[in-house]
2 protein chains.
Amino acid sequence: METTPDRLIESTRELLWERGYVGTSPKAIQQRSGVGQGSMYHHFSGKPELALAAVRRTAEQMRETAERELALPGTAVERVSRYLRRERDVLRGCPIGRLTQDPEVVTSPQLRAPLDETFEWLRGRLADVLAEGQARGEIAPGLDTGDIAATLVAVLQGGYVLARAAGTAAPFDQAVSGALALLAQRA
Amino acid sequence: METTPDRLIESTRELLWERGYVGTSPKAIQQRSGVGQGSMYHHFSGKPELALAAVRRTAEQMRETAERELALPGTAVERVSRYLRRERDVLRGCPIGRLTQDPEVVTSPQLRAPLDETFEWLRGRLADVLAEGQARGEIAPGLDTGDIAATLVAVLQGGYVLARAAGTAAPFDQAVSGALALLAQRA
DNA sequence: GTCTATAGGATGATAGAC
DNA sequence: GTCTATCATCCTATAGAC
């Protein structure tokens, strides 16, 4: 069943993704969710609490999705490639990375924490996959898997930025292709 | 001499960098610049015109800075490394990349154009440097220099995102190190 | 739980005096 | 050119009835 708090959180998630924290008003949340003013303030103390619930849920979902994909079988390079190349609505950008640009978000320890945890987890998870590949000789032995993992996550996040600037997904695809080509090089 | 329009544009540039388009109000611009309401609306028709002037100036400056650094002597890898590793206020992020997250900016052809042009120019310029290096045997011959250029710009833009999420520049530095390590591999 | 009423401040301008 | 006054709307709630 769809509870009222649930509908509020879902609408907040969408709006935060599209418009960020500053650009998201309680009124817009009410309109999108179809929940009235009084009802919203009955379930949540205000915008900060609502945003926190929304950000936590989005972060959790992002980790679940990534884990599901990275756990699939294959060589390290195959698994990483699959993750980087999975279907994405590139021009929408990343719902977590987007919030990184909001001063009110990075200034709040509570709101920033889920972002930090998500990217840290993702970098660690990718580093593990890369380390496995390195142990099997797929990846050059001299490379720091932690650094490469950071590079790959940055390529995704930066790819979104380039795509939105260009108004097309092409630069995102190029950036991913370049990263995978570099990674597949044999030392 | 410091003209009034100049001070308005400079303040707008700072605010757009810090708070984005939605988060920047005419009132804040007036307060930061020390220019009065009437004066501001005498020189500019409103927020959109002011933002356009500010974005254009920032884009121009970014290209000038990059060109100055990339034109310095050295091997291709040296020049690219110098550009990626140059001193940056990482946690502040990129004043151009930041605007990419603003729906009002990417929706406006006028405001988006300078972002698009800047990144397109930068990718092209890096691709040229990489192609030179490839011709000299510094870089593996099979690599698509256009793709690698996109990868490198994405690493910078994504590095800012990861750093702001983490609250420290470390992930940015890791991402850059990883990219340069991959690039320096010999095929 | 949900509704309407109310409120103090910000937003993004316009109008007209000086 | 710059200043002050004014304005309609939005923002983010709080209060209290139902």
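Lettering follows sequence order; numbering is per chain, from 1.
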Please list every donor-acceptor pair under 3.5 Å in which a side-chain atom of residues 151-161 of chain B meets a protein atom from a residue at least two apart or in another chain.
| residue | atom | partner | partner atom | Å |
| --- | --- | --- | --- | --- |
| B:Thr151 | OG1 | A:Ala175 | O | 2.7 |
| B:Thr151 | OG1 | A:Ala179 | N | 3.2 |
| B:Thr151 | OG1 | B:Asp147 | O | 3.0 |
| B:Tyr160 | OH | B:Arg88 | NH1 | 3.0 |

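Listed by residue number, the members of residues 98-110 of chain B with any heavy atom below 4.0 angstrom from DNA chain D form an empty set.
From A:Glu132, atom CD reaches atom CD of A:Glu138 across 9.0 Å, with rounding to the nearest 0.5 Å.
We find that CD1 of A:Ile29 is positioned 16 Å from P of D:dC10, with the value rounded to whole Å. Protein atom CG of A:Leu50 is 15 Å distant from nucleotide atom P of D:dC11, rounded to whole Å. Distance, A:Gln30 CD to D:dC10 P: 13 Å, rounded to whole Å. Between the OH atom of B:Tyr21 and the C1' atom of C:dT11 there is a distance of 12 Å, given to the nearest Å. Following rounding to the nearest Å, A:Phe44 (CZ) and D:dT12 (P) show an atom-to-atom distance of 16 Å.
Residue pairs satisfying the side-chain hydrogen bond (donor to acceptor under 3.5 Å, both in side chains) criterion with at least one member in residues 96-121 of chain A, sequence neighbours excluded, are listed as follows: A:Arg63-A:Thr118.
Taking for each of B:Thr4 and A:Lys27 the nucleotide of DNA chain D with the nearest heavy atom, the 5'-most of the two is the partner of B:Thr4.
Take A:Arg32 and apply the salt bridge (Lys or Arg N to Asp or Glu O under 4.0 Å) test, not counting sequence neighbours, and it matches A:Glu14, A:Glu18. A:Arg57 pairs by the salt bridge (Lys or Arg N to Asp or Glu O under 4.0 Å) definition with A:Asp6, A:Glu10, not counting sequence neighbours.
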For nucleotides 13-16 of chain C, tabulate all protein N/O to nucleotide N/O atom pairs closer than 3.5 Å, reporting atom names and distance.
| residue | atom | partner | partner atom | Å |
| --- | --- | --- | --- | --- |
| C:dA13 | OP2 | B:Lys47 | N | 3.1 |
| C:dA13 | N7 | B:Gln37 | NE2 | 3.2 |
| C:dA13 | N6 | B:Gln37 | NE2 | 2.4 |

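Side-chain atoms of A:Arg123 never come within 3.5 Å of backbone atoms of A:Ala150 as a donor-acceptor pair (strictly under, hydrogens ignored).
A sub-4.0 Å separation between OP1 or OP2 of D:dT2 and a side-chain N or O of B:His43 is present. Contact annotation: B:Ser25 side-chain N/O to C:dT11 OP1/OP2 distance is under 4.0 Å.
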Between B:Arg13 and B:Thr58, is the side-chain hydrogen bond (donor to acceptor under 3.5 Å, both in side chains) condition met? List the steps.
CA-CA 7 Å; B:Arg13 297 208 309 146; B:Thr58 296; 3.1 Å; yes

